[in-house]
Amino acid sequence: AAVRDIAINTKFTEFLYTIYAESKRNIYKPDIKIDTNEYRIYTITSWIHEHYQQPITLELLSEQFNISPYYLSHLFKKVTGFTVVNYVQMTRIRNVQQLLLYTQRKITDIAESCGFTSFSQFNRTFNKFCNISPSEYRMSPNDGDRLRMFNE
């Protein structure tokens with residue numbers, strides 16, 4: 001067993017040496033051309049997905065990511081096709097839909113936990129995106145089709 005371990009170690013060391021010796025011949029160059037503005041917006045959308053339960057405003061995002069509110073608004077719409085407000089609302093509603101489908105929590109608790117500060121605002125937003133009330137959504141049949149009801 002000890003001889004086998006030494007042989008494996010020796011082969012591994014030879015392998016590492018070969019990689020090092022041939023490293024100058026490596027001609028692979030990644031051809032990744034990521035637009036820095038797109039990358040910045042994807043970073044912001046990722047942040048929104050992580051913090052959707054908290055109050056999110058254009059001003060907060062512009063301070064958080066060191067970008068003017070006007071430019072952020074313009075760039076966000078250009079890259080995503082949505083306004084910042086609509087994107088935040090859609091993210092929250094998507095999470096509400098999951099909780100409505102897969103938990104028995106009260107709708108008011110779900111709305112609050114997903115970042116809605118007013119139940120009437122939540123109802124309006126949910127109806128705007130889903131064309132159905134949250135309680136009707138929860139009770140509607142055919143689980144697989146319910147997430148497709150989202151009007152993007």
Side-chain angles (χ1 to χ4, degrees), residues 8 12-13 15-20 22-152:
I8 291 172
F12 185 67
T13 304
F15 172 71
L16 291 176
Y17 176 76
T18 304
I19 289 175
Y20 174 75
E22 298 296 323
S23 66
K24 291 181 174 102
R25 295 181 54 200
N26 181 1
I27 59 169
Y28 174 76
K29 290 185 176 37
D31 189 24
I32 300 173
K33 295 177 183 172
I34 298 176
D35 181 349
T36 56
N37 285 330
E38 283 184 23
Y39 180 77
R40 193 177 215 181
I41 294 302
Y42 291 133
T43 302
I44 293 169
T45 59
S46 178
W47 189 92
I48 290 170
H49 286 271
E50 291 176 27
H51 298 88
Y52 69 91
Q53 307 94 333
Q54 302 165 11
I56 299 174
T57 63
L58 182 62
E59 290 73 25
L60 173 89
L61 292 173
S62 68
E63 285 177 24
Q64 183 79 23
F65 292 94
N66 199 24
I67 183 173
S68 82
Y70 173 79
Y71 188 61
L72 171 58
S73 180
H74 171 75
L75 194 58
F76 198 94
K77 175 80 173 175
K78 180 181 173 188
V79 172
T80 67
F82 301 102
T83 66
V84 171
V85 171
N86 271 351
Y87 193 86
V88 170
Q89 288 176 336
M90 287 188 317
T91 302
R92 289 177 174 159
I93 293 298
R94 274 288 190 208
N95 285 282
V96 165
Q97 287 177 316
Q98 292 291 324
L99 293 171
L100 287 172
L101 288 177
Y102 302 112
T103 71
Q104 292 302 313
R105 292 173 56 190
K106 290 182 182 180
I107 293 174
T108 53
D109 293 342
I110 291 173
E112 187 178 315
S113 72
C114 288
F116 290 96
T117 54
S118 143
F119 192 69
S120 60
Q121 176 216 17
F122 162 68
N123 274 323
R124 278 192 311 277
T125 305
F126 194 92
N127 266 302
K128 172 182 155 185
F129 287 106
C130 302
N131 290 326
I132 191 172
S133 74
S135 56
E136 290 170 324
Y137 182 85
R138 175 176 262 171
M139 293 185 296
S140 65
N142 205 350
D143 281 2
D145 291 337
R146 286 197 271 181
L147 285 176
R148 285 188 227 127
M149 295 171 70
F150 199 72
N151 296 327
E152 293 182 343

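In this chain, residues are counted from 1 in sequence order.
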Next on the checklist: Using side-chain heavy atoms (C-beta onward) and a distance below 4.5 Å, is N86 in contact with F129?
Outcome noted: yes

Checklist entry - Can you tell which of I132, N127, N131 makes a side-chain contact (heavy atoms from CB on, under 4.5 Å) with Y137? => result I132

Checklist entry - Can you find a side-chain donor-acceptor pair between R124 and Q121 that sits under 3.5 Å? => result no

Item to check | pair I67-L75: side-chain heavy atoms closer than 4.5 Å | outcome: yes

Item to check | Shortest non-hydrogen contact from R138 toward I110 | outcome: NH2-CD1, 3.5 Å

Checklist entry - Do F82 and T45 come within less than 4.5 Å of each other through their side chains, counting heavy atoms only? => result no

Checklist outcome for this item: CG of N37 to OH of Y42, rounded to nearest 0.5 Å, is 11.5 Å

Next on the checklist: Can you give me the closest heavy-atom contact between P69 and L58, atom names plus distance?
Outcome noted: O-CD2, 3.7 Å

Checklist entry - For R92 and T125, what are the C-alpha separation, side-chain angles and deciding distance, and is it a side chain to side chain donor-acceptor pair (under 3.5 Å)? => result CA-CA 10 Å; R92 289 177 174 159; T125 305; over 6 Å; no

Next on the checklist: side chain to side chain contact (heavy atoms under 4.5 Å, CB included) for L99 and D109? Distances and angles first, verdict last.
Outcome noted: CA-CA 10 Å; L99 293 171; D109 293 342; over 6 Å; no

Checklist entry - Once you round to the nearest 0.5 Å, how far does NZ of K78 lie from CZ of F76? => result 14.5 Å

Next on the checklist: Rounded to the nearest 0.5 Å, what separates atom CD in Q97 from atom SG in C114?
Outcome noted: 10.5 Å

Item to check | Check: Y70 main-chain N/O paired with S73 side-chain donor or acceptor under 3.5 Å | outcome: no

Checklist entry - Between H49 and Y87, what is the ring plane arrangement, given parallel below 30°, perpendicular above 60°, and tilted in between? => result perpendicular

Next on the checklist: Please give me the minimum heavy-atom distance between S62 and S68, naming the atom from each residue.
Outcome noted: CB-C, 4.0 Å

Checklist entry - Parallel, tilted or perpendicular for W47 and H51, by the 30°/60° rule? => result parallel

Checklist entry - Do F119 and F122 pass the ring pair (Phe, Tyr, Trp, His ring centres under 6.0 Å) test, and can you show the C-alpha distance, the side-chain angles, and the key distance before you say yes or no? => result CA-CA 5 Å; F119 192 69; F122 162 68; 5.6 Å; yes

Item to check | Any donor-acceptor N/O pair, R40 side chain to L72 backbone, under 3.5 Å | outcome: no

Next on the checklist: So S135 and I107, do their side chains get closer than 4.5 Å, heavy atoms only?
Outcome noted: yes

Checklist outcome for this item: Closest heavy-atom pair, I93 versus C130, reported as atoms and distance to 0.1 Å, is CG2-SG, 3.9 Å

Item to check | Distance-minimising heavy-atom pair for L100 and P134 | outcome: CD1-O, 3.8 Å

Next on the checklist: Quick check for you: to the nearest 0.5 Å, what is the distance between N95 atom CG and M90 atom CE?
Outcome noted: 12.0 Å

